[in-house]
Amino acid sequence: MIIKPKTRGFICLTAHPVGCERNVAEQIAYVNRSGTIDGGPKNVLIIGASTGYGLASRIVASFGCGANTVGVFFERLADGDKPASAGWYNSTALKKYAEKEGLIAENINGDAFSDEVKEKTIEAIKSKLGQVDCVVYSLASPKRTDPRTGETYRSVLKPIGGKFKSKTVNVDSGEIGDVEIESATAEEIVGTVKVMGGEDWELWMQTLLRENVLSDRAKTVAYSYLGPKITKPIYSEGTIGRAKEDLDRAADAITHMLANIGGRAHISVNKAVVTQASSAIPVVPLYIAILFRVMREKNLHEGCIEQMYRLFKNHLYGSDESVDTDGRIRIDNLEMREDVQEAVIEIWNKASTENLRGITDIDAYRKEFLKLFGFGIGGIDYDADVSL
Ligand code: NAD
């Protein structure tokens, strides 16, 4: 079958198996070029392992640390003439490459919020790895059903305490316009915290500890974002920011919970990158298109794999123990540098439909977005028949 991109706003409905495999191979090659990570983990569970930061974490664990992995994700299989989702193809490729290196890579496809998937994961760890010494929590989801009550919650991306009006870009048409987003209701705030906050991370860690599948001094890390002034009302001070505050709370609770085995929970604040999750946040694509231009010009550009390699090598398993005043690891340090943010604001204020392509990296943003789904990669014949 010949597969072409089919985009609808901030999602792409198709994915290319050969392109997705190439994306995984490129990230593996980056890690191989960068060298092995001494003292890294040996058995890693990654929750949200199929795309974005979770996939990059799994690649660093496997190929940088030589770790066996269990990856949990929620992806769509191919159905008739509909291709599978990108994360499915990524995870299939990851498994193939890891097994070639003699590593174990178990894939679990299902709802990570459910008891059933937690049980399946424990079984897989017990039978294949024994225990895990690192747990990466990298979920980004629009909804969650609480397994204890059966109630389903939805996360929204809204400001709190007033309307938010900002410049934004329509990525498809390249038009700059204004976006106005109503303030979240109390119920929407609760919903977002339930989905994207720390409750499910705590449930995972409780279950893993109870089932004795965490080794002594096991570490766990969850990912957060703070970001600049421009996105503050919609991000750090909005509903998703509330959820990330709850993640901070959960990190303390989990460190306390793991005290007997000498384990520890970390929060890593990562930089803004193009992923399926970030493209859904209003205002963020324009910010990222400008940030990429500025960081490339200053030779500071990083994507998911560069960030995750740095996190594992320097922070989680390295000598850099620096944290911010709230105890978080800050690998967003280059994004948040004063000179970077000043340059971003200058472009932000000038950006218009007419000059968008000249002063921002909107073309690179579009290219990276399509690349998430395996499209637009050099050397791949997209007119060739591929098996789904
Ligand atoms: P992503 O959309 O690329 O990946 C999300 C992952 O979660 C996928 O593997 C998906 O299969 C999985 N998933 C979603 N719902 C699931 C469910 N119910 N059960 C099992 N798996 C499920 O997202 P991302 O951008 O890599 O985000 C991961 C984390 O990193 C999030 O906490 C996000 O806030 C954080 N983060 C992202 C950015 C960014 O710019 N993208 C920046 C800083 C921090």
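No hydrogens, no waters, no symmetry mates; every other heavy atom, side chains included, goes into these values. Numbering of ligands and ligand atoms starts at 1, following listing order.
Between the side chains of Glu75 and Ser50, at least one donor N or O sits under 3.5 Å from an acceptor N or O. Side-chain N/O atoms of Ser57 and Tyr223 include a donor and acceptor closer than 3.5 Å.
Under the salt bridge (charged side-chain N to carboxylate O under 4.0 Å, His left out) criterion, the residue pairs touching residues 139-162 are Arg144-Glu199, Asp146-Arg148, Asp146-Lys194, Arg148-Glu199, Lys158-Glu188, with sequence neighbours excluded.
Using a heavy-atom distance under 4.0 Å as the criterion, the protein contacts of ligand 1 are Gly48, Ala49, Ser50, Thr51, Gly52, Tyr53, Phe73, Phe74, Glu75, Gly110, Asp111, Ala112, Phe113, Ser138, Leu139, Ala140, Ser141, Tyr223, Ser224, Tyr225, Tyr235, Lys244, Asn270, Lys271, Ala272, Val273, Thr275, Gln276, Ala277, Ser278.
Taking the charged nitrogens against the carboxylate oxygens, Lys42 and Asp133 have no contact shorter than 4.0 Å, which rules out a salt bridge. We find that Lys4 and Asp383 are joined by a salt bridge, their nearest charged nitrogen and carboxylate oxygen being less than 4.0 Å apart.
At least one test fails for Lys244 against the ring of Tyr235: distance under 6.0 Å to the centre or angle within 45° of the axis.
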